[in-house]
Amino acid sequence: MTETNNPSPTDFIRDIIDEDLKTNQTAGLVATRFPPEPNGYIHIGHAKSICLNFGLASQYGGTCNLRFDDTDPSGESLEYVESIIDNIHWLGFDWGDRMFFASDYFEQLYQFAVQLIKKGKAYVCDLNADEIREYRGSFTEPGTESPYRNRSMDENLDLFEQMRAGEFEDGSHVLRARIDMNAPNIIMRDPVIYRIKREAHYRTGNAWVIYPMYDFAHCLSDAIEGITYSICTLEFENNRPLYDWIVEELIENNRPHQTEFARLNLSYTVISKRVLIELVENGQVAGWDDPRMPTIAGMRRRGYTPQAIRNFCAQIGVAKNDNLIDMALLEHCVREDLNEHAPRVMGVLHPLRIVIDNYPEGQTEEFECANHPQNPDMGTRTVPFSRVLYIERDDFHEDPPGKYKRLAPGREVRLRNAYVIKYESMVKDEKGEVVELHCIYDPQTRNAPPADGRKVKGVIHWVSAEHCVPAEVRLYDRLFQVSNPAGEDEEFTKYLNPNSLETLTSCYVESGLKDAEAGNGYQFERLGYFCVDSRDSQPDRPVFNRVVPLRDTWGKIAGKK
RNA sequence: UGGGGCGUCGUCAAGCGGUAAGACACAGGACUUUGAUUCCUGCAUCCGGAGGUUCGAAUCCUCCCGCCCCAACCA
């Protein structure tokens with residue numbers, strides 16, 4: 001796969017690796033990992049991390065593991081594991097046989113904990129959660145040592161074994177690292193590394209009632225897998241001293257190192273798993289793969305392409321600045337890819353019936369149309385033409401605004417791939433609404449400019465009423481009305497865009513789209529890119545999702561007035 | 001408030017002591033049987049602020065200001 005932009009992106013992480021390689025810090029190895037917790041679907045923010053981790057591995061001839069960080073059974077499930085695997089593959093990355101689960105390391109991790117106890121560096125604490133919090137102190141006050149901090153090694157070993165054996169109630173005991181209750185970094189004030197939780201784990205079932213905490217499991221999982229670069233987001237920067245502490249206590253050689261980068265934020269949406277789960281559970285979207293969701297599944301169903309997402313991730317770069325990336329950049333990447341690859345077709349979203357008065361009744365002819373104006377290799381297709389057509393309601397104006405160059409009383413316009421037609425008359429209903437147009441066509445203009453040299457500026461799309469197929473089209477807009485919903489003080493749902501989905505049920509698309517395959521993307525000329533919905537589309541009743549509209553210079557001009 | 005991190009164009013982001021890349025966005029223009037695509041052109045005398053070091057500073061030093069993260073038995 002070739003990225004079209006940023007051919008050789010550089011960033012501070014690559015600088016670090018280059019330097020390490022130069023000074024032989026990792027024996028020439030670059031081993032990364034992508035470590036999702038299977039408690040939700042992955043989103044565009046994860047894509048940034050996936051592109052970084054897998055990208056590094058491929059760039060430096062290293063490896064990137066997929067590791068499920070499944071140390072907290074609540075909320076984790078196989079469904080999520082499967083969706084994550086599917087989504088990463090779809091994005092275009094592969095981990096070969098290097099798929100791992102932190103839960104597979106539970107026994108090893110337990111033994112590491114025992115080792116820590118034997119070194120006098122961990123103890124079983126009987127304080128409850130509230131008490132632990134109180135003893136922890138605050139930003140300004142140091143913590144207080146737990147009364148259980150100085151238990152003997154044997155007692156700790158015995159108690160920890162009992163914890164594992166299920167002798168204690170949930171929450172009654174925890175295993176804590178014995179570090180420093182006065183540490184200015186609160187994370188280092190004897191952090192909890194094991195808790196008792198009687199909850200079935202989706203993989204280990206009821207084999208365990210104690211589970212390791214992230215800080216303990218993650219760094220050791222990295223070490224077990226021989227990870228050289230453990231790349232995570234900025235909010236874990238505070239945890240790095242603990243990461244290093246654990247690794248230094250328990251790992252002799254080839255210790256992994258953590259490097260943090262800024263997570264992605266995207267305008268007009270929100271990409272925190274917690275919030276996305278809420279949207280799904282409250283029914284504010286139709287599911288994890290709702291095309292409005294910033295999830296990989298949602299973007300896929302919407303019609304975004306893996307290449308577009310990868311290009312986007314390359315474009316945004318990797319740094320440590322907090323950021324809010326303009327959604328317009330993502331849309332640009334999507335258009336850029338679709339412009340090159342999507343076949344052109346015609347579809348009418350808001351149909352207006354038009355009769356070509358001088359075209360013989362019952363006659364049909366076929367036009368050969370290019371599937372891509374700039375790329376003849378994409379071939380042609382035939383599109384039927386007849387006396388009665390549908391055009392876009394918007395392409396006719398009874399009283400056209402300035403610079404408008406489409407159809408209007410007295411005007412001529414080119415029917416895309418077909419004839420030039422001229423306005424004759426209109427038919428209105430009792431409400432004064434235009435319901436039908438009558439035009440005449442110029443037979444000389446088939447594939448040719450008007451013989452007398454007159455210029456016809458406007459070009460509009462159309463479908464033949466007799467041949468077209470009815471379709472449903474779903475128009476999507478930004479999920480939120482404010483650029484940074486996560487930054488608002490009030491509940492984010494207040495800023496949901498009520499018009500993020502508009503369903504059009506009486507659209508017509510050209511006949512060739514009758515059996516369009518799910519997932520296929522097309523450009524509906526002059527409108528935008530559309531993708532056959534993978535869930536709801538039927539052979540005789542296709543459903544299209546608008547991936548992204550075409551850039552609309554006219555809309556800007558018209559919008560200004 | 002203690003600790004950690006970050007401040008370069010509207011949004012991202014290069015830059016690593018030698019005089020501000022690039023992308024998106026935006027604004028003009030050319031071409032066009034998609035008001036699309038493509039193609040030109042413009043868009044930070046200035047790098048959070050103030051001092052200082054230096055022949056020379058976005059890059060080094062000092063102080064100040066602002067934003068983000070940490071007080072889950074979540075990750």
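Source: prediction; values computed, not measured. Chain letters run A, B, ... following the sequence lines, proteins first and then strands; every chain starts at 1.
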Practice item. Search all heavy atoms of A:V318 against all heavy atoms of A:F261 and return the closest pair with its distance. Key: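 Looking at all heavy atoms of both residues, the shortest contact is CG1-CB, 3.7 Å.
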Review point. What heavy-atom pair brings A:L159 and A:F168 nearest, and what distance separates the two atoms?
Key: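 Nearest heavy atoms, A:L159 then A:F168: O-CE1, 3.5 Å.
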Review point. Is there a stack between A:Y214 and B:A75, judged by ring centres under 5.5 Å and planes under 30°?
Key: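 No; centroid distance or tilt outside limits.
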Review point. So, do A:Y194 and B:C73 meet the stacking rule of ring centres under 5.5 Å and planes under 30°?
Key: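 No, A:Y194 does not stack on the base of B:C73, since the centre distance and plane angle fail the 5.5 Å and 30° test.
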Review point. Syn or anti: how is B:A72 classified when any glycosidic angle within 90° of 0 counts as syn?
Key: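 B:A72: syn glycosidic orientation.
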Under the 3.5 angstrom rule, does the side chain of [X] hit a backbone N or O of [Y] as a donor-acceptor pair?
X: A:R178; Y: A:R149; answer: yes
X: A:H341; Y: A:D337; answer: yes
X: A:N185; Y: A:N238; answer: yes
X: A:R195; Y: A:P212; answer: yes

If pairing requires Watson-Crick or G-U wobble contacts with both distances under 3.5 Å, which nucleotide is the partner of [N]?
N: B:G35; answer: none
N: B:U1; answer: none
N: B:A27; answer: B:U41
N: B:A75; answer: none
N: B:C6; answer: B:G66
N: B:G17; answer: none
N: B:C60; answer: B:G52

Among [options], the one nearest [X] by side-chain distance:
X: A:M213; options: B:C73, B:A25, B:G35; result: B:C73
X: A:Q315; options: B:A23, B:A14, B:A75; result: B:A23
X: A:D326; options: B:U11, B:G4, B:U34; result: B:U11
X: A:R526; options: B:A75, B:G3, B:U34; result: B:U34
X: A:S138; options: B:U37, B:C12, B:A71; result: B:A71
X: A:I186; options: B:U1, B:C12, B:A71; result: B:A71
X: A:R133; options: B:A72, B:G35, B:G2; result: B:A72
X: A:Q523; options: B:C12, B:U34, B:C24; result: B:U34
X: A:R551; options: B:A13, B:A75, B:A36; result: B:A36
X: A:F139; options: B:A71, B:C73, B:A23; result: B:A71

Which part of the nucleic acid, if any, lies within reach of [X] when heavy atoms closer than 4.0 Å are counted: base, sugar-phosphate only, or nothing?
X: A:Q374; value: base
X: A:I132; value: base
X: A:P373; value: base
X: A:R344; value: base
X: A:T71; value: sugar-phosphate
X: A:L266; value: nothing
X: A:N239; value: base
X: A:K273; value: nothing
X: A:R406; value: base
X: A:M346; value: nothing
X: A:A448; value: base
X: A:N128; value: base
X: A:V192; value: sugar-phosphate
X: A:V318; value: sugar-phosphate

d([atom1], [X]; [atom2], [N]) in whole Å:
X: A:L127; N: B:A72; atom1: CG; atom2: C1'; value: 15 Å
X: A:R263; N: B:C70; atom1: CZ; atom2: P; value: 10 Å
X: A:H372; N: B:U38; atom1: NE2; atom2: C1'; value: 10 Å

Pairwise [atom1] distance, [M] and [N] [rounded to whole Å]:
N: B:A20; M: B:A44; atom1: P; value: 12 Å
N: B:A36; M: B:C31; atom1: P; value: 14 Å
N: B:U45; M: B:C9; atom1: C1'; value: 14 Å
N: B:C74; M: B:U8; atom1: P; value: 37 Å
N: B:G49; M: B:A58; atom1: P; value: 11 Å
N: B:U1; M: B:U11; atom1: C1'; value: 33 Å
N: B:U53; M: B:U62; atom1: P; value: 15 Å
N: B:G48; M: B:A30; atom1: P; value: 40 Å

Side-chain N,O ([X]) to OP1/OP2 ([N]) below 4.0 Å:
X: A:R416; N: B:A36; result: no
X: A:H461; N: B:U34; result: no
X: A:K197; N: B:C74; result: yes
X: A:R136; N: B:C70; result: no
X: A:T553; N: B:A36; result: yes
X: A:N321; N: B:A13; result: yes

Point to revise | Within the 6.0 Å centroid threshold, strictly below: A:F367 and A:Y419 | key: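 Judged by ring-centre distance (under 6.0 Å), A:F367 and A:Y419 do meet the cut-off.
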**Study point:** A:Y304 ring center within less than 6.0 Å of A:F312 ring center
**Key:**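 Judged by ring-centre distance (under 6.0 Å), A:F312 and A:Y304 do not meet the cut-off.
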Point to revise | 5' priority, RNA chain B, between A:L234 and A:F524 [closest heavy atom] | key: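 Here A:L234 is the residue nearer the 5' end.
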Check your understanding: When the nearest nucleotide of RNA chain B is assigned to A:G458 and to A:F236 on a heavy-atom basis, which residue is associated with the more 5' position?
Key ->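 It is A:G458 whose nearest nucleotide is closer to the 5' end.
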Check your understanding: Near A:E161 CD, under 6.0 Å, is it more than 12 heavy atoms from other residues, nucleotides or ligands?
Key ->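 No, the 6.0 Å shell around CD holds no more than 12 heavy atoms from other groups.
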**Study point:** side chain to side chain donor-acceptor pair (under 3.5 Å) partner of A:R381, the single match among A:E368, A:E510, A:E366
**Key:**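 Answer to the side chain to side chain donor-acceptor pair (under 3.5 Å) test with A:R381 among A:E368, A:E510, A:E366: A:E510.
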Point to revise | Side-chain-base donor-acceptor pair under 3.5 Å for A:N238 and B:C69 | key: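 Answer yes: a donor N or O sits under 3.5 Å from an acceptor.
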